[in-house]
Amino acid sequence: MDEASARAVAAIYDAVIDQAQFDIALDQVCRATGSDGFNIFLLNNRTGEVPVNMARGIPDEVLRDYNQHFVMVDPGIQFFLRNPNLPFYYNALHTAEEDIDKSEYYSWLQKMGGARYYLAQTLKISADVSMIATAQRGRLVGHAQTSDIRQLGVIGPHIQRAMQVKLMLDDANRKLALSYEAMDSLEIGVVILNTNIIVYANKSALQLNREQDRLWLGRGRLEATHGVDRKRLDEAIAYARRKNRSDRSFSSLSIERENQRPLILHIIALSDRHRDLLFGTPSVLILVKDPERSGRTDPRILTDLFDLTPSEAAIAVALGDGASPESVCLQRGISANTLKTHRKRIFSKIGVSSQSELATLLSKI
């Protein structure tokens with residue numbers, strides 16, 4: 001591999017990590033291949049869709065119109081679809097020189113500032129998706145020669161591997177973004193640790209108050225402010241981080257607070273599979289439940305889960321929150337006997353025998 005190709009390959013791999021560098025990488029590829037422009041696109045062989053098309057030296061409007069319409073009337077693509085196992089193709093294989101200017105596609109392409117000639121290498125990304133790396137060659141450069149094919153053949157497989165890694169990273173980032181968005185919507189605090197360092201904390205966790213909650217996210221760590229609690233938390237995290245354990249990987253502890261119910265922490269060890277998938281090699285997941293901030297159970301959930309009527313569901317939520325029978329009767333405008341009837345039906349449908357059991361069950365929903 002010559003020096004120009006080596007620089008181009010290194011730039012392509014760098015661009016996978018920092019996608020803002022793709023223009024620089026494609027500039028290097030243009031220099032290495034002696035082309036006027038270069039583009040890398042993915043083609044769904046069944047549908048003709050182009051989910052990815054990155055280019056340098058090709059006008060944006062050309063890429064837009066090509067992706068939307070001209071990709072399936074491109075003589076080169078038609079030739080590729082008829083010869084899917086051919087690693088390289090170029091104009092002369094499917095369109096005679098005298099016919100280039102007669103072609104609707106090539107007339108449009110040159111009118112829009114595209115190149116007259118090209119050299120393309122095709123490589124598989126998956127069963128249905130091919131990667132096509134195309135060196136754009138102007139009229140003065142002319143048709144591809146054997147040396148041009150050899151040069152693109154050196155760089156092409158590296159572009160293929162870089163694109164496969166890019167697609168994997170894009171997919172992982174999408175899943176991670178959706179996971180973080182979902183966790184931010186939870187009322188329960190979620191903290192993910194790499195050793196003792198915070199990799200991620202959702203909005204509820206970020207609301208923890210050092211003085212009030214005796215637990216806070218400070219200096220990149222989850223810390224308890226009282227010595228005894230700090231020791232218990234550190235021990236629980238260390239326990240969850242141990243490898244090759246044969247015993248359980250889940251523990252819970254409470255953080256006592258003044259004039260409030262205690263915080264409940266669940267410390268969970270992440271499996272090696274999750275450690276490989278998530279950024280920052282996280283090893284411990286901590287769930288923080290604050291009974292003072294937890295919202296009331298939505299009555300509609302009880303309607304769906306236990307087939308309660310809307311009235312029964314509303315009464316069940318009130319009783320589960322600790323409301324007295326008198327206040328429920330006053331709020332609902334019903335008599336004590338009517339409430340007893342409702343309560344009997346509610347307990348029967350849900351499967352509890354007392355108001356305290358009902359409260360315990362609702363606290364877990």
Subject >> Residues Thr338, Thr341; criterion side-chain hydrogen bond (donor to acceptor under 3.5 Å, both in side chains); working and verdict >> reply: CA-CA 5 Å; Thr338 301; Thr341 301; over 6 Å; no

In the single-linkage hydrophobic clustering (I, L, V, M, F, W, Y; side-chain heavy atoms under 4.5 Å), do [X] and [Y] co-cluster?
X	Y	answer
Tyr90	Tyr106	yes
Tyr118	Leu86	yes
Ile24	Phe22	no
Leu305	Leu319	yes
Ile197	Ile192	no

Over all heavy atoms of both residues, which pair between [X] and [Y] is shortest? Give the atoms and the distance, please.
X	Y	answer
Ala201	Leu217	CB-CD2, 3.3 Å
Val328	Ala318	CG2-CB, 4.1 Å
Tyr117	Asn91	CA-OD1, 3.4 Å
Val73	Gln78	N-NE2, 4.4 Å
Pro299	Ala313	O-CB, 3.4 Å
Ala314	Arg332	CB-NH1, 3.7 Å

Original post:
Of Ile264, Asp229, Val288, which is the lone residue that meets side-chain contact (heavy atoms from CB on, under 4.5 Å) with Ile255?
Top reply: Asp229

If I take atom [atom1] from residue [X] and atom [atom2] from residue [Y], how far apart are they, to the nearest 0.5 angstrom?
X	Y	atom1	atom2	answer
Leu287	Met183	CG	CE	10.0 Å
Asp290	Leu215	CG	CG	10.0 Å
Leu206	Ile198	CG	CD1	8.0 Å
Leu169	Arg174	CG	CZ	10.5 Å
Ile159	Phe38	CD1	CZ	4.0 Å
Phe70	Glu104	CZ	CD	5.5 Å

Subject >> Pair Arg116-Glu97, salt bridge (charged side-chain N to carboxylate O under 4.0 Å, His left out): steps then yes or no >> reply: CA-CA 10 Å; Arg116 181 178 180 85; Glu97 179 69 27; 3.0 Å; yes

Taking C-beta and beyond as the side chain, do [X] and [Y] meet within less than 4.5 Å on heavy atoms?
X	Y	value
Phe347	Leu358	yes
Leu263	Lys289	no
Leu167	Leu42	yes
Ile286	Ile237	yes
Ile132	Ile77	yes
Gln136	Cys30	no
Arg343	Ile315	no
Leu193	Leu285	no

Original post:
Given the rule in the side chain to side chain contact (heavy atoms under 4.5 Å, CB included) test, do Lys124 and Met131 qualify, once you have shown the distances and angles that lead to the verdict?
Top reply: CA-CA 6 Å; Lys124 286 289 184 183; Met131 184 201 80; over 6 Å; no

Please check: side-chain N/O of [X] versus main-chain N/O of [Y], any donor-acceptor pairing under 3.5 Å?
X	Y	value
Arg232	Ser254	yes
Asn53	Phe41	no
Glu181	Ala177	no
Gln355	Ala323	yes
Asp74	Gly76	yes
Ser204	Val190	no

**OP:** Answer yes or no: are there more than 12 heavy-atom neighbours, outside Met168 itself, under 6.0 Å from its atom CE?
**Re:** no

Subject >> Crowding at CD, Glu3 (>12 non-hydrogen neighbours, <6.0 Å) >> reply: no

Original post:
Could you walk me through whether His94 and Tyr89 pass the side-chain hydrogen bond (donor to acceptor under 3.5 Å, both in side chains) check?
Top reply: CA-CA 9 Å; His94 54 76; Tyr89 62 96; over 6 Å; no

Original post:
Where do Ser354 and Ser356 land on the side-chain hydrogen bond (donor to acceptor under 3.5 Å, both in side chains) test, with the steps shown first?
Top reply: CA-CA 5 Å; Ser354 67; Ser356 62; 3.0 Å; yes

Original post:
Per the side-chain hydrogen bond (donor to acceptor under 3.5 Å, both in side chains) rule, which among Gln151, Arg31, Gln28 passes with Ser5?
Top reply: Gln151

Does a salt bridge link [X] with [Y], judged by any charged N lying under 4.0 Å from a carboxylate O?
X	Y	answer
Lys175	Asp171	yes
Lys349	Glu312	yes
Lys166	Asp170	yes
Asp27	Arg56	yes

Original post:
Can Asp148 and Thr33 be said to form a side chain to side chain contact (heavy atoms under 4.5 Å, CB included), step by step?
Top reply: CA-CA 7 Å; Asp148 300 315; Thr33 58; over 6 Å; no

Original post:
Would Val165 and Arg161 satisfy side chain to side chain contact (heavy atoms under 4.5 Å, CB included), going step by step from the backbone distance to the final call?
Top reply: CA-CA 6 Å; Val165 173; Arg161 285 193 285 273; 5.6 Å; no

**OP:** Assert yes or no for the condition that the ring centre distance of Tyr200 to Tyr180 is strictly below 6.0 Å.
**Re:** yes

Original post:
Passes side chain to side chain contact (heavy atoms under 4.5 Å, CB included), Ile100 versus Gln110? Steps please.
Top reply: CA-CA 10 Å; Ile100 289 180; Gln110 293 180 85; 3.9 Å; yes

